[in-house]
Amino acid sequence: MDSKTLQACAHRVALELPFTEHCWPFGPDIDVFKVNGKIFMMTATARGRPLVSVKADPQKSLLNRQIYPSIEPGWHLNKKHWISIYAGEDISEGLVEDLILDAWHLVVDSLPKKARQRIRPEN
């Protein structure tokens with residue numbers, strides 16, 4: 001997957017998730033995606049390389065970094081809880097979707113019960 005497709009796919013997937021807010025609190029060069037005021041994804045360009053950073057479970061983060069060469073510790077973020085995804089042949093649209101969905105659920109799971117129920121009603 002190339003850089004342009006990576007970020008376009010990430011934006012599309014994030015904006016399809018319920019209660020997602022797209023904003024620019026760190027300036028126009030960093031797209032931030034939040035749910036209930038908490039960040040789950042950001043897109044930016046670092047050292048000339050477009051990237052997508054997502055919140056990640058520490059164990060899954062370590063595993064994904066070992067499996068996929070294009071996934072690195074979060075750029076300018078907590079290296080334990082964030083990963084950055086760069087363009088590469090090892091990155092697929094399905095993988096990007098899964099990582100973003102995991103990030104969104106990780107943030108929603110950390111919210112107070114009332115907020116969780118509003119955002120993700122139990123069936």
Side-chain angles (χ1 to χ4, degrees):
M1 177 177 286
D2 64 44
S3 299
K4 186 176 179 180
T5 305
L6 171 66
Q7 288 191 330
C9 174
H11 284 216
R12 179 185 52 76
V13 171
L15 291 171
E16 288 174 355
L17 294 169
F19 298 95
T20 294
E21 173 192 357
H22 183 193
C23 57
W24 299 264
F26 307 119
D29 297 332
I30 302 174
D31 289 90
V32 174
F33 298 82
K34 299 179 179 183
V35 60
N36 205 58
K38 294 190 175 242
I39 300 171
F40 69 92
M41 184 182 94
M42 294 186 284
T43 63
T45 300
R47 290 176 247 133
R49 295 172 63 200
L51 62 90
V52 175
S53 293
V54 294
K55 191 139 177 91
D57 172 82
Q59 290 185 337
K60 284 184 181 179
S61 169
L62 185 59
L63 183 62
N64 282 324
R65 291 190 334 245
Q66 291 172 345
I67 295 171
Y68 303 101
S70 299
I71 296 179
E72 299 178 7
W75 183 77
H76 271 301
L77 298 162
N78 182 310
K79 308 295 186 223
K80 184 177 179 180
H81 296 281
W82 287 84
I83 55 174
S84 289
I85 309 160
Y86 295 89
E89 291 181 15
D90 56 324
I91 303 299
S92 68
E93 188 171 324
L95 175 62
V96 172
E97 289 174 6
D98 289 345
L99 293 172
I100 293 169
L101 191 57
D102 284 350
W104 185 86
H105 280 291
L106 195 62
V107 169
V108 172
D109 289 345
S110 73
L111 298 173
K113 184 177 180 179
K114 192 172 185 174
R116 276 195 321 268
Q117 289 176 332
R118 178 180 57 82
I119 293 167
R120 193 178 50 205
E122 300 301 321
N123 297 346

Partners of Glu93 by side chain to side chain donor-acceptor pair (under 3.5 Å), sequence neighbours excluded? Arg12

Between atom NZ of Lys60 and atom CZ of Arg65, what is the distance when rounded to the nearest 0.5 Å? 15.0 Å

Could you state whether Leu63 and Ile100 fall into the same hydrophobic cluster, counting links through intermediate Ile, Leu, Val, Met, Phe, Trp or Tyr residues with side-chain heavy atoms under 4.5 angstrom apart? yes

Please tell me if the side chains of Leu101 and Leu17 come closer than 4.5 Å, counting only heavy atoms from C-beta onward. yes

Can you list the residues that meet the side chain to side chain contact (heavy atoms under 4.5 Å, CB included) rule with Gln59, with sequence neighbours excluded? Asp57

Honestly curious: do Leu77 and Val96 fall in one hydrophobic cluster under the side-chain, below-4.5 Å linking rule? no

Ile85 versus Val54: any side-chain heavy-atom pair under 4.5 Å? yes

Which residues share a side chain to side chain donor-acceptor pair (under 3.5 Å) with Asp2, sequence neighbours left out: Thr5

Could you tell me if the side chain of Ile83 sits less than 4.5 Å from the side chain of Glu72, heavy atoms only? no

Beyond-backbone contact of Leu51 with Thr45, side-chain heavy atoms, under 4.5 angstrom: no

Using the test side chain to side chain donor-acceptor pair (under 3.5 Å), find all partners of Asp109 that sit at least two apart in sequence or belong to another chain. Arg120

Keeping the roles fixed (side chain from Thr20, backbone from Leu15), state whether a donor-acceptor pair exists under 3.5 Å. no

If I take atom CZ from residue Arg49 and atom OG from residue Ser84, how far apart are they, to the nearest 0.5 angstrom? 9.0 Å

Would you say Leu99 ends up clustered with Ile67 if hydrophobic residues are merged whenever their side chains have heavy atoms under 4.5 Å apart, either directly or through other cluster members? yes

List the atom pairs, donor and acceptor, that lie under 3.5 Å between side-chain atoms in residues 30-44 and the rest of the protein, sequence neighbours left out.
residue, atom, partner, partner atom, Å
Asp31, OD2, His22, NE2, 2.6
Asp31, OD2, Trp24, NE1, 2.9
Asn36, OD1, Arg118, NH2, 2.6
Thr43, OG1, His11, NE2, 2.8

Distance, nearest 0.5 Å, that separates CD of Gln66 from CD1 of Ile71: 11.5 Å

Candidate pair Val13 and Trp104, rule side chain to side chain contact (heavy atoms under 4.5 Å, CB included), full reasoning: CA-CA 11 Å; Val13 171; Trp104 185 86; over 6 Å; no

If I compare all heavy atoms of Leu6 with all of Met1, which pair ends up nearest, and what's the gap? CA-SD, 3.4 Å

Nearest heavy atoms of Ala56 and Leu106, plus distance in Å: C-CD2, 3.5 Å

For Gly88 against Ser70, the heavy-atom pair lying closest together: CA-OG, 3.5 Å

Can you confirm whether Lys80 sits close enough to Ser61 that some side-chain heavy atom of one is under 4.5 Å from a side-chain heavy atom of the other? no

How many angstroms lie between CD1 in Ile119 and CZ in Phe19, if you round to the nearest 0.5 Å? 6.5 Å

All pairs passing ring pair (Phe, Tyr, Trp, His ring centres under 6.0 Å) where residues 70-89 contributes a residue, at least two apart: none

